[in-house]
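Quick notes on the structure that follows.
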There are 2 protein chains.
Amino acid sequence: MPARVTTLKELAASLGLSITTVSRALAGHQQIALKTRERVAQAARQAGYVANTAARTLVSGRSGFVGLVLPIRGPHLVDSFLGEFVTGLGEGLVAHGADLILATAAQDQAELAVLRHVVESGRADGVVITRIAEVDERLAYLRNRGFPFVAHGRLLDSDFAYNWLDTDGAHAFGEAFDMLYDLGHRHFGLVTISEPMTFRHLRQDGLAAAIARRGDPSVRLDVATASRFDRGARIQAVNRLLQGPSRPTAIIALFDELALTVMEEAARTGLTVPRDLSVIGFDNVLASAYAPPGLTTFDASIRQCAREIADMLLTIIAEKPAEPLTRLIRPALVSRASHGPAPRTRKMTPA
Amino acid sequence: MPARVTTLKELAASLGLSITTVSRALAGHQQIALKTRERVAQAARQAGYVANTAARTLVSGRSGFVGLVLPIRGPHLVDSFLGEFVTGLGEGLVAHGADLILATAAQDQAELAVLRHVVESGRADGVVITRIAEVDERLAYLRNRGFPFVAHGRLLDSDFAYNWLDTDGAHAFGEAFDMLYDLGHRHFGLVTISEPMTFRHLRQDGLAAAIARRGDPSVRLDVATASRFDRGARIQAVNRLLQGPSRPTAIIALFDELALTVMEEAARTGLTVPRDLSVIGFDNVLASAYAPPGLTTFDASIRQCAREIADMLLTIIAEKPAEPLTRLIRPALVSRASHGPAPRTRKMTPA
DNA sequence: AGCAAAATTTAAAACGTTTGCAATTTCGAA
DNA sequence: TTCGAAATTGCAAACGTTTTAAATTTTGCT
């Protein structure tokens with residue numbers, strides 16, 4: 001078994017070369033004789049030498065890490081978003097030899113403070129931020145700081161440009177409306193959340209725009225709002241829609257979790273999906289395939305998006321492009337069995 | 001807006017103190033006058049000073065990171081394991097100010113090589129390894145290297161002790177058998193995988209032990225095996241169990257994904273769960289709650305386990321306990337609607 | 001053989017922090 | 001006052017690497 005070589009100094013000594021030469025040889029500099037480069041590479045491989053990250057980072061100013069702040073959420077992690085996102089980032093990063101660092105923000109701790117810490121400590125060369133809020137201090141901070149970042153999601157309007165990748169929720173919601181309209185639906189319901197996330201507005205606006213495009217005054221839209229994290233309130237909101245004197249024939253939910261609640265409540269109150277009610281979600285979470293009769297939804301392909309975000313960020317770090325990079329991904333309709341033609345006769349909700 | 005203070009040197013200069021004093025003051029050393037400590041803390045806070053991680057790591061030998069190697073899996077990430085695991089680790093780490101680094105192993109790249117790189121580069125003070133294989137070179141490497149680690153899962157037998165946390169799959173499978181036996185089932189099916197993971201043996205052995213404990217010769221167990229990653233083969237294996245001349249009245253699946261396949265295939269071939277067939281899974285993935293009629297399974301509470309793993313690892317790093325830490329978590333039965341009394345009359349499979 | 005240019009190697013500084021040891025200041029008692 | 005001890009602060013080395021600038025060796029020509 002080979003002697004444990006931990007440092008460049010030891011490796012250099014064992015080769016009878018200077019630290020400088022070994023360092024350069026390993027980095028593949030042309031100025032080092034080919035024969036020497038090979039000899040060094042061979043010795044390093046055999047000794048299992050790996051350069052110390054801290055030392056390299058300290059002198060080069062590059063850590064080779066990309067940061068992601070992980071907000072601790074409630075006890076029920078109901079989707080695979082994080083897993084897919086992280087996997088996608090990993091895939092994107094590994095191609096360039098970069099790694100991911102995940103800094104956790106404790107529940108009471110502002111996410112901004114953790115982000116700041118990651119940036120100021122030099123742990124990462126760039127960061128990814130997700131779940132963009134209407135007024136997002138992270139964006140302002142990173143922008144002021146001039147620190148490389150890519151946002152997953154967008155601001156509604158901003159007086160500055162930045163790098164982002166977003167799924168085109170507006171387009172998806174327009175598509176959902178058009179499809180349902182063509183199936184004869186005229187009375188729509190929208191289940192949405194009260195949290196100030198921008199994706200909510202983007203999707204709602206896309207729906208409103210699609211409605212406006214039709215110019216059909218008989219189209220009606222009822223909106224029910226609840227907190228994202230309060231399951232009880234969500235169920236209540238859904239039932240406000242379902243139990244009114246006149247009930248929508250089609251409900252579009254801001255995301256699958258809400259759509260699944262709609263389907264559960266519909267079933268509980270004796271409605272059959274899609275005969276009595278069409279439901280469309282967004283995200284294509286795993287459960288949407290299993291929840292009967294199968295939820296029609298949009299696939300945002302989180303993993304693929306994350307991979308592209310990683311690519312974008314590495315490009316930004318390496319090349320500092322003058323123009324910001326932006327990318328709008330059109331989500332794909334996943335047509336399952338939760339939507340269908342509008343019912344002919346308006347049935348009242350069963351008592 | 002305060003001048004940007006990036007280094008200790010600048011902060012010290014602005015305070016008229018030496019670097020040493022400021023460093024010690026920030027570290028809270030008693031030998032520095034309280035008044036000075038307060039003055040320094042105030043200035044640091046106001047300037048937003050954060051110590052450079054690379055420099056600190058280099059000199060102290062501690063990075064404050066815990067590593068996890070992320071194997072890239074197939075295109076379909078069907079569960080929320082990674083997300084929950086990472087969230088749990090984050091929760092456990094944040095309490096001690098540690099962060100997580102995720103190193104991705106490209107598909108063709110051996111996970112061991114990536115692990116080695118993480119360890120040898122000094123990026124992490126300890127690592128977590130998951131999905132323990134029957135013969136696991138990672139364990140041997142870390143052990144030889146004397147590097148702090150915690151395994152999520154166990155070897156079947158080993159000639160050395162190490163730190164691990166595992167869910168007691170053997171107990172769960174015994175419990176599942178006992179419950180089904182008491183419901184009158186005598187003919188069992190087991191759907192398992194061909195991959196050499198230890199958890200497979202632990203669970204199967206638990207089942208075998210429970211069967212042996214009953215000492216009832218009328219108990220019969222059919223086993224179907226398929227690759228974890230080949231959906232077609234999995235479906236075939238399930239159907240071998242379902243379509244035989246005499247079919248089990250209860251099927252236990254190694255994990256939920258297989259159990260869901262059983263339920264799908266049962267429904268497809270006209271069997272009603274749980275009237276004709278009881279099905280029990282393991283993991284309690286999200287979809288198991290939605291897949292009709294609701295899968296009875298065991299909840300391994302990945303998130304909680306991960307949090308404990310983080311705690312264990314930080315303890316190991318800080319205190320280097322002489323005895324290895326081990327922890328066996330008993331998974332909780334999640335009783336849904338996929339199991340019931342054994343059918344009275346043996347129905348043949350419908351043609 | 002001798003010399004300039006090219007090729008190859010090296011010494012030393014720098015990155016920003018922690019820390020052993022020494023220097024300085026403060027303070028109470030003689 | 002003055003002295004010694006205690007309290008407080010500072011110098012300088014060290015961590016392991018990259019990189020600038022300079023030194024050394026080799027090569028090609030005459």
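- No N or O donor and acceptor, one from the side chain of B:Arg56 and one from the base of D:dG16, sit under 3.5 Å apart.
- The residue A:Ile19 sits close to a base: some heavy atom pair falls under 4.0 Å.
- Note on A:Thr20: every side-chain N or O is 4.0 Å or more away from OP1 and OP2 of C:dT9.
- To the nearest angstrom, C1' of C:dG16 lies 13 Å from CG of B:Leu26.
- With distances taken from any side-chain atom of A:Ala51 to the nucleotides D:dC15, D:dT9, D:dT17, the minimum falls on D:dT17.
- Contact annotation: the side chain of A:Ile132 never approaches that of A:Phe199 to less than 4.5 Å [non-hydrogen atoms, C-beta and beyond].
- In this structure, B:Thr36 reaches the D:dT9 phosphate: one of its side-chain N or O atoms is under 4.0 Å from OP1 or OP2.
- Taking the side chain of A:Leu8 as heavy atoms from C-beta on, and the options D:dT9, D:dT18, C:dT10, the nearest nucleotide is D:dT18.
- For the residue pair A:Arg123 and B:Thr53, a side-chain donor N or O sits within less than 3.5 Å of a side-chain acceptor on the partner.
- For A:Ser60, no side-chain nitrogen or oxygen approaches OP1 or OP2 of D:dT18 to under 4.0 Å.
- Sequence order on DNA chain C of the closest nucleotides to B:Asn52 and B:Gln31 puts B:Asn52 first from the 5' end.
- Taking atom CD of A:Gln30 as the reference point, atom P of C:dA7 lies 12 Å away to the nearest angstrom.
- Among C:dT8, C:dT17, D:dT9, the nucleotide with an atom closest to any side-chain atom of B:Val59 is C:dT17.
- The shortest non-hydrogen separation linking A:Ile317 to A:Arg62 is O-NH2, 3.1 Å.
- The distance from atom NZ of B:Lys35 to atom C1' of C:dT26 is 12 Å, rounded to the nearest whole Å.
- One interatomic measurement links the two molecules: NE2 of B:His29 to P of D:dA7, which rounds to 17 Å at whole-angstrom precision.
- Between C:dT10 and A:Ser18, a contact under 4.0 Å exists linking OP1 or OP2 to a side-chain N or O.
- Between B:Tyr49 and C:dG16 there is no side-chain polar atom (N or O) within less than 4.0 angstrom of OP1 or OP2.
- C:dT10 atom C1' lies 15 Å from atom NZ of A:Lys9, rounded to whole Å.
- Aromatic ring centroids of B:Tyr162 and B:Phe160 lie under 6.0 Å apart.
- A cation-pi arrangement is found for A:Arg131 relative to A:Phe81, the charged atom lying closer than 6.0 Å to the ring centre and inside a 45° cone about the ring normal.
- Rounded to a whole Å, the CG atom of A:Leu17 is 14 Å from the C1' atom of D:dT24.
- In the set D:dT9, D:dG16, C:dT18, the nucleotide with an atom closest to the side chain of A:Thr7 is D:dG16.
- Look at CG on B:Leu11: it is 13 Å from C1' on C:dT17, rounded to the nearest Å.
- At a cut-off of 3.5 Å, with distance as the only test, no side-chain donor of B:Glu319 or B:Thr315 sits close to an acceptor on the other residue.
- Distance CD (A:Glu10) to P (D:dG16): 8 Å, rounded to an integer number of Å.
- In terms of position along DNA chain D, the nucleotide closest to B:Leu34 lies nearer the 5' end than the nucleotide closest to the other residue of the pair A:Ser23 and B:Leu34.
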